[in-house]
Amino acid sequence: MRQDAIMNVLHKGSTIDGKIRINGSVRIDGKLKGEVEATEAVIVGETGIIEGDIKSKEINISGKCTGGIIAENSVLLHASAEIDGDIMCKKLVVDEGVTIDGNITMKHKNKNVPEEKSK
C-alpha cells in the first residue's frame, strides 16, 4: 500500500448497509452489508465482517467475508480469516488456520489470445 494513500475506517461496532467506493484505502473493523471497492487497499480487521463483494488492488483479511474477492494484485489471508466466496487475484498468501469455501483463480484470461486445442 502506498504511503500517501487515503485511509478510511469503519470502526468496530459500526454497521453500514450499502455500497462503498473509496479513493485510497479502507479498513473495516465493523460490519458492512454490501459491496466495497477501493483504488488502493481493503483491510478487514479481526472484528470486521463484510457481506458482499470486495474489489481493490490489494486485499488484506483477518475477519469474515461472504462474497466475491477480486484483487488486481494480491490477497493476504491471516489465520483468523473466514472466507465464503470466490477469490480472484494474481498473488495469494494464506496463513495456517484460514477457512475458505469457494474457488480460487490466480490467472487472468486474455480474451484476445486463442486457447490451444488438444490434439
Side-chain angles (χ1 to χ4, degrees):
M1 183 169 51
R2 289 187 1 233
Q3 290 290 65
D4 61 340
I6 299 166
M7 177 62 81
N8 299 278
V9 179
L10 176 63
H11 292 282
K12 181 179 177 180
S14 301
T15 301
I16 292 181
D17 291 326
K19 186 183 287 189
I20 297 176
R21 291 179 190 251
I22 299 291
N23 182 19
S25 299
V26 63
R27 179 179 177 97
I28 308 288
D29 288 315
K31 184 173 184 177
L32 170 64
K33 291 182 180 181
E35 199 175 290
V36 62
E37 186 173 338
T39 58
E40 292 301 320
V42 174
I43 300 163
V44 182
E46 284 189 30
T47 60
I49 299 171
I50 296 180
E51 296 174 0
D53 295 340
I54 304 171
K55 296 178 185 175
S56 188
K57 284 183 185 174
E58 310 288 336
I59 300 173
N60 186 323
I61 301 173
S62 297
K64 298 178 183 178
C65 297
T66 303
I69 297 171
I70 300 173
E72 285 181 38
N73 295 323
S74 64
V75 174
L76 174 57
L77 303 176
H78 296 279
S80 56
E82 296 179 25
I83 310 300
D84 186 2
D86 296 342
I87 300 172
M88 182 184 298
C89 59
K90 292 180 183 174
K91 179 181 176 186
L92 177 64
V93 178
V94 181
D95 288 348
E96 185 176 346
V98 170
T99 60
I100 302 172
D101 185 8
N103 297 306
I104 299 171
T105 304
M106 293 183 62
K107 62 181 180 180
H108 298 278
K109 294 181 181 177
N110 185 342
K111 293 180 182 178
N112 296 328
V113 178
E115 291 185 22
E116 213 175 290
K117 294 184 180 180
S118 301
K119 293 183 181 180

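Small disclaimer: the values here were computed from a predicted structure and weren't measured.
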Novice: Would you indicate whether the side-chain heavy atoms of V26 and L10 approach each other to under 4.5 Å?
Specialist: no
Novice: Just wondering, do C65 and I54 contact through their side chains at under 4.5 Å, heavy atoms?
Specialist: yes
Novice: How many angstroms lie between atom CD1 of I83 and atom CD1 of I69, to the nearest 0.5 angstrom?
Specialist: 4.0 Å
Novice: Counting C-beta onward and ignoring hydrogens, is there a side-chain heavy-atom pair between L92 and I104 closer than 4.5 Å?
Specialist: yes
Novice: Given T66, which partner from the list I49, D84, D53 fulfils the side-chain contact (heavy atoms from CB on, under 4.5 Å) test?
Specialist: D84
Novice: Is a salt bridge present between E51 and K31, judged by a nitrogen-to-oxygen distance below 4.0 Å?
Specialist: yes
Novice: To the nearest 0.5 Å, how far apart are CD in E46 and OG in S80?
Specialist: 4.0 Å
Novice: Going by heavy atoms in the side chains, are I87 and L77 under 4.5 Å from each other?
Specialist: yes
Novice: Give the C-alpha distance, both sets of side-chain angles, the deciding distance and a yes or no for salt bridge (Lys or Arg N to Asp or Glu O under 4.0 Å) between K57 and E40.
Specialist: CA-CA 5 Å; K57 284 183 185 174; E40 292 301 320; 3.5 Å; yes
Novice: Just how far is it from atom NZ of K55 to atom CE of M88, taken to the nearest 0.5 Å?
Specialist: 10.0 Å
Novice: Are D29 and R27 within salt-bridge range, i.e. N to O under 4.0 Å?
Specialist: yes
Novice: Is it true that E58 and S74 share a donor-acceptor pair across their side chains at a distance under 3.5 Å?
Specialist: yes
Novice: Kindly compute the distance separating CD1 (I61) from NE2 (H78), expressed to the nearest 0.5 Å.
Specialist: 9.0 Å
Novice: Do V93 and V75 have side-chain heavy atoms sitting under 4.5 Å apart?
Specialist: no
Novice: Over all heavy atoms of both residues, which pair between A38 and G24 is shortest? Give the atoms and the distance, please.
Specialist: CB-O, 3.5 Å
Novice: Calculate, to the nearest 0.5 Å, the distance between atoms CG and NZ belonging to L32 and K19 respectively.
Specialist: 11.5 Å
Novice: So, the side chain of T39 versus the backbone of N23: is there a donor-acceptor pair under 3.5 Å, distance only?
Specialist: no
Novice: Same cluster or not: are L76 and V94 linked, directly or through other Ile, Leu, Val, Met, Phe, Trp or Tyr residues, by side-chain heavy atoms under 4.5 angstrom apart?
Specialist: no
Novice: side-chain contact (heavy atoms from CB on, under 4.5 Å) between I28 and I50: does it pass, once the steps are laid out?
Specialist: CA-CA 8 Å; I28 308 288; I50 296 180; 4.0 Å; yes
Novice: Within the side chain of N73, is there an N or O that forms a donor-acceptor pair under 3.5 Å with the backbone of K91?
Specialist: no
Novice: Is there a side-chain contact between D101 and T99 in this structure, where contact means two heavy atoms from C-beta onward sitting under 4.5 Å apart?
Specialist: no
